[in-house]
Amino acid sequence: KAMSAQVGLFKSGDVYNLNDEINVDLAEQSLLNKLIRNNLVKSQNQVEVLQRDPNSPLFSVKTFEELRLKPQLLQGVYTMGFNRPSRIQENALPMMLAEPPQNLIAQSQSGTGKTAAFSLAMLSHVNPSNKWTQCLCIAPTYELAVQIGQVIEQMGKFYPEVKLTYAIRGNRVPRGTTIEEQIVIGTPGTVLDWSLKLKVFDPKKIRVFVLDEADDCQMLLLSATFEDSVWRFAERVIPDPNIIKLKREEETLDTIKQFYVVCKEKEDKFTALCNIYGSLTIAQAMIFCHTRKMAAWLSGQLSKEGHQVALLSGEMMVEQRASVIQRFREGKEKVLVTTNVCSRGIDVEQVSIVVNFDLPVDRDGNADNETYLHRIGRTGRFGKKGFAFNLVDSQESMDLINQIELHFDRKILKLDTDDLDELE
Ligand code: ADP
């Protein structure tokens with residue numbers, strides 16, 4: 001579902017602190033998204049389909065009936081509360097279920113129904129009277145493998161002839177036995193052990209392979225993000241794929257009022273922050289810091305002032321992070337202090353105030369425009385108004401403001417926090 005990669009690599013330098021290097025694993029992000037989401041993310045976004053064979057008719061479905069699923073599977077789908085295919089499923093399912101099997105690369109944001117789609121595809125392709133492994137799905141981590149397995153188990157609830165097992169650490173199988181489960185879901189290392197070393201299933205008999213390399217079988221590769229390196233990998237490994245992409249809605253700065261405040265040092269920034277916060281009848285605010293240390297300090301200060309603060313920090317376990325985000329979403333805390341890396345990929349739509357306690361910079365020390373946009377930008381369709389405050393404490397950070405202004409061609413106004421009448 002996601003490939004391990006490092007994001008948010010920081011270089012040491014005066015503004016940085018090496019101790020705060022946090023490498024957020026994309027797999028962990030994917031898990032986080034699964035933990036904080038239990039509903040389909042509705043998307044009207046455009047779907048792009050690049051077909052391997054442009055002459056074969058493109059077909060998409062609006063109902064699950066049209067897919068001619070086995071009745072047991074249709075029942076499973078409906079019991080899960082799915083009434084109709086999601087946007088990505090409309091196109092992906094016909095391709096995933098087509099005969100002869102076709103390879104597919106699909107990209108759409110997390111929560112849009114990819115897991116459900118390939119789970120259904122695996123269940124559909126199984127021949128239950130064959131007591132050997134026919135479908136293999138490789139997930140990047142133990143936790144994700146378990147999550148995906150649970151979806152398959154739920155969906156296949158009325159189809160008990162089809163069995164599933166987990167090739168994950170701790171799940172031991174004696175060498176020389178051959179497993180009868182038709183579906184194996186696991187992590188790369190254990191799957192390799194099972195297939196090559198212990199030979200508990202025969203990779204040649206795999207008919208559906210979700211994410212990984214193999215020949216002569218259907219390959220489905222799914223992810224919320226595809227970095228260039230992943231595309232290159234996919235193209236090398238997957239011959240003649242169909243490709244489905246769901247475009248992400250563009251974020252814009254048009255509905256955001258942007259300000260900067262000149263401060264001396266962090267205490268001064270803290271005072272400015274309190275002034276801003278006190279003068280607005282605020283719904284919810286997110287505050288971004290550059291380092292964990294700064295985030296911890298700031299949330300401590302804010303709590304002392306009597307604010308209800310949530311802190312999202314890199315050393316937290318993914319479950320902890322999910323619960324912090326969930327609580328904030330429910331409005332249990334009004335302020336969320338976070339470092340950048342922690343908050344990537346998290347959308348909290350109701351937040352109307354974003355404070356850059358530290359400005360986002362890339363590894364060369366230049367303004368990180370993309371992160372800036374992601375922090376404060378809104379999607380046009382949700383077009384809610386918002387405020388962004390940038391706290392500036394040096395010539396370098398002033399330069400960053402200028403770079404950002406130039407990049408987006410949008411004014412960032414100077415704000416005097418001793419006189420905040422102009423805000424409302
Ligand atoms: P992804 O793999 O893209 O992150 P999932 O397959 O995990 O997305 O789906 C996200 C959520 O939406 C899950 O809770 C899933 O049960 C639900 N879901 C998936 N497909 C549908 C559908 N067609 N109708 C309603 N809910 C769905």
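For the numbers below, each heavy atom of this structure counts, side chains included, while hydrogens, waters and symmetry mates do not.
Using modelled atom types, one side-chain atom of Gln89 and one backbone atom of Gly113 make a donor-acceptor pair closer than 3.5 Å. Although no hydrogens or angles enter the test, the distance criterion places a donor-acceptor pair under 3.5 Å between the side chain of Ser86 and the main chain of Thr112. Remark: side-chain polar atoms of Arg327 are not paired, donor with acceptor, to backbone N or O of Lys332 under 3.5 angstrom. No donor-acceptor pair closer than 3.5 Å links the side chain of Ser195 to the backbone N or O of Phe201. For the pair Asn366 (side chain) and Val361 (backbone), a donor-acceptor distance under 3.5 Å is absent. Asn130 contributes no side-chain N or O that, together with a main-chain N or O of Trp132, makes up a donor-acceptor pair within less than 3.5 Å. Between the side chain of Arg207 and the backbone N or O of His125 there is at least one donor-acceptor pair closer than 3.5 Å. Judged by distance alone, with hydrogens and angles left aside, the side-chain atoms of Thr141 form a donor-acceptor pair with the main-chain N or O of Leu144 at under 3.5 Å. Here the side chain of Lys131 pairs a donor or acceptor atom with the backbone of Pro128 at under 3.5 angstrom.
Taking all atoms of both residues into account, the shortest heavy-atom contact from Ser119 to Val151 is OG-CG1, 3.7 Å. Shown here for Ser299 and Ala296, the closest heavy-atom pair between the two residues is OG-O, 3.2 Å. When all heavy atoms of Ser124 and Lys70 are compared, the pair lying nearest together is O-NZ, 3.4 Å. When all heavy atoms of Met122 and Cys135 are compared, the pair lying nearest together is O-SG, 3.4 Å. Smallest separation of non-hydrogen atoms from Gln284 and Gly331: NE2-CA, 3.6 Å. Residue Arg321 comes nearest to Gly314 through the heavy atom pair NH1-O, 3.7 Å, listed as atom of the first residue, atom of the second, then distance.
Counting only residues at least two apart or on different chains, the side chain to side chain donor-acceptor pair (under 3.5 Å) pairs with a member in residues 147-171 are Glu153-Tyr166.
For Gln320, the CD atom is densely surrounded, since the number of other residues' heavy atoms within 6.0 Å is greater than 12.
Residues Asp362 and Glu370 are not in side-chain contact: their nearest non-hydrogen atoms beyond the backbone lie 4.5 Å or more apart. Two residues are said to be in side-chain contact when any heavy atoms from C-beta on lie closer than 4.5 Å; Leu198 and Arg175 meet this criterion. Using a 4.5 Å heavy-atom threshold, the side chains of Asn390 and Leu400 count as separate. Leu69 has its side chain out of reach of Leu123: every pair of non-hydrogen atoms, C-beta onward, lies at least 4.5 Å apart. Taking 4.5 Å as the limit, every side-chain heavy atom of Gln258 sits out of range of all side-chain heavy atoms of Phe408. In this structure, the side chains of Ile256 and Val354 stay at 4.5 Å or more apart for every pair of heavy atoms. Phe64 is listed as a side-chain neighbour of Leu93, based on a closest heavy-atom distance under 4.5 Å. Contact check for Phe288 versus Thr338: side-chain heavy atoms found under the 4.5 Å cut-off.
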If you apply the rule side chain to side chain contact (heavy atoms under 4.5 Å, CB included), what do you find for Ile206 with Thr133, and how did you get there?
CA-CA 7 Å; Ile206 300 295; Thr133 304; 3.8 Å; yes
For a side chain to side chain contact (heavy atoms under 4.5 Å, CB included) check, start with the C-alpha distance between Met155 and Val77, then their side-chain angles and the critical distance, and finish with the verdict.
CA-CA 6 Å; Met155 203 173 271; Val77 166; 4.3 Å; yes
Candidate pair Leu336 and Val324, rule side chain to side chain contact (heavy atoms under 4.5 Å, CB included), full reasoning
CA-CA 9 Å; Leu336 179 71; Val324 169; 3.8 Å; yes
Show the numbers, then the answer: is there a side chain to side chain contact (heavy atoms under 4.5 Å, CB included) between Val210 and Ile148?
CA-CA 11 Å; Val210 178; Ile148 295 167; over 6 Å; no
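Remark: Thr190 OG1 to Arg172 CZ distance equals 10.0 Å, nearest 0.5 Å. Separating the OG1 atom in Thr187 from the CD1 atom in Ile168 is a distance of 7.0 Å, to the nearest 0.5 Å. Rounding to the nearest 0.5 Å places CG of Leu302 at 11.5 Å from CD of Gln308. Considering CD1 of Ile243 and CG of Asn91, their distance stands at 13.5 Å, rounded to 0.5 Å. Taking CD of Glu90 as the reference point, atom OG1 of Thr63 lies at 10.0 Å (rounded to 0.5 Å). To the nearest 0.5 Å, atom CG of residue Leu74 and atom CZ of residue Arg68 are 11.5 Å apart.
When ring centroids are compared, His307 and Tyr277 come within the 6.0 Å threshold.
Counted by atom type alone, Tyr372 and Gln403 present zero donor-acceptor pairs between their side chains at under 3.5 Å.
Ring geometry, Phe270 versus Trp297: the interplanar angle exceeds 60°, so the pair is classed perpendicular (tilted spans 30 to 60°).
Judged as a side chain to side chain donor-acceptor pair (under 3.5 Å), and not counting sequence neighbours, Gln134 has no contacts. For Glu65, the side chain to side chain donor-acceptor pair (under 3.5 Å) test picks out Tyr78, with sequence neighbours left out.
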